[in-house]
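Everything below concerns the one structure shown next.
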Amino acid sequence: MRKGRTFALAAAALLALLAAGWWFGSPWWTLWRMREAAEAGDSEALAAYIDFPALRASTQAQIRPRLGPLGGLLAGPAIDAAISPAALRLALLHRRGARDGTGAGDGGGEAGPVRTGASEFRVRRSRGDFVFRRHGLGWKLEEIALSSGP
């Protein structure tokens, strides 16, 4: 009976350790995999980490009020072109020298991912935050929260 209880405690401790490892490590893992896909030119692998419909919708919702009615109508096609695997690949490669090493920051904000909840983390940048939300046990980029500055 004592062995069974010891085994159960050890299994619970191992499970807690694995959960803590996932909690802290999975955002870093996601950013690393995105950077690797961008460097390899693997748009399909990179696209697996991006929720394009959510990203386009959130970008349009932020841009339209800034541009007014006519600008908002014209912004749709431009946003569709800008929110693509190729464009995001270039953005990640352009930021390769960032101090967080993930390629997802521009050196002007905090290094690495910042948790904002159990199902969200952000990579802070001077022009806005990359917002990732949990999808199952993984993460997807769903929003680029643009800063209100120039």
Side-chain angles (χ1 to χ4, degrees), residues 11-150:
L14 179 62
L15 186 61
L17 186 62
L18 289 172
W22 175 84
W23 173 262
F24 291 108
S26 64
W28 290 97
W29 174 261
T30 298
L31 295 174
W32 177 71
R33 296 299 299 159
M34 286 180 76
R35 185 197 58 184
E36 292 293 314
E39 287 177 351
D42 189 347
S43 296
E44 189 174 316
L46 181 59
Y49 293 100
I50 302 167
D51 183 342
F52 286 102
L55 186 56
R56 285 184 184 109
S58 71
T59 303
Q60 285 182 3
Q62 293 177 74
I63 295 290
R64 283 191 174 150
R66 296 178 186 198
L67 298 178
L70 182 58
L73 288 173
L74 299 174
I79 290 170
D80 289 343
I83 306 295
S84 68
L88 291 171
R89 178 181 169 269
L90 289 175
L92 290 170
L93 290 176
H94 175 69
R95 289 167 176 77
R96 177 71 176 107
R99 64 182 177 179
D100 67 1
T102 63
D106 62 3
E110 295 182 34
V114 176
R115 286 277 191 167
T116 54
S119 296
E120 182 179 291
F121 76 87
R122 292 174 178 243
V123 177
R124 301 200 186 275
R125 300 179 40 222
S126 59
R127 294 185 181 152
D129 296 353
F130 283 6
V131 181
F132 290 79
R133 294 196 178 92
R134 191 166 48 84
H135 284 250
L137 292 178
W139 300 93
K140 286 194 176 194
L141 175 63
E142 284 193 3
E143 180 180 352
I144 299 174
L146 302 173
S147 65
S148 58

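Any value given below was found using the heavy atoms of this structure, including those in side chains, with hydrogens, waters and symmetry copies removed.
In this structure, Ala82 and Ala87 approach most closely via the heavy-atom pair O-CB, 3.0 Å. Here the closest heavy-atom approach between residue Gln62 and residue Ile144 is recorded as NE2-O, 2.9 Å. Closest approach of Leu46 to Ala37, counting heavy atoms only: N-CB, 3.7 Å. Shortest non-hydrogen contact noted between Pro65 and Ala61 is CD-O, 3.1 Å. Between His135 and Asp51, the closest heavy-atom pair is CE1-OD2, 3.6 Å.
No side-chain heavy atom of Ile50 sits under 4.5 Å from any side-chain heavy atom of Ile83. At least one side-chain heavy atom of Asp80 sits less than 4.5 Å from a side-chain heavy atom of Gln60. In this structure, Val131 and Glu142 have side chains that are not in contact, with every pair of non-hydrogen atoms separated by 4.5 Å or more. Residues Pro113 and Phe130 fail the side-chain proximity criterion, which asks for heavy atoms closer than 4.5 Å.
In this structure, Arg134 CZ and Glu120 CD are separated by 11.5 Å, a value rounded to the nearest 0.5 Å.
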Could you go through residues 14-27 and list every donor-acceptor pair under 3.5 Å that involves a side-chain atom there, pairing it with any protein atom two or more places apart or in another chain?
| from | atom 1 | to | atom 2 | distance (Å) |
| --- | --- | --- | --- | --- |
| Trp22 | NE1 | Leu137 | O | 2.8 |
| Ser26 | OG | Trp22 | O | 2.8 |
| Ser26 | OG | Trp139 | NE1 | 2.8 |

Practice item. Determine, stepwise, if the pair Met34 / Phe132 fulfils side-chain contact (heavy atoms from CB on, under 4.5 Å). Key: CA-CA 12 Å; Met34 286 180 76; Phe132 290 79; 3.4 Å; yes
message = Walk me through whether Leu146 and Arg66 qualify under side-chain contact (heavy atoms from CB on, under 4.5 Å).
response = CA-CA 11 Å; Leu146 302 173; Arg66 296 178 186 198; 3.8 Å; yes
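Formation of a donor-acceptor pair under 3.5 Å by the Arg122 side chain with backbone atoms of Thr116 is not found in this model.
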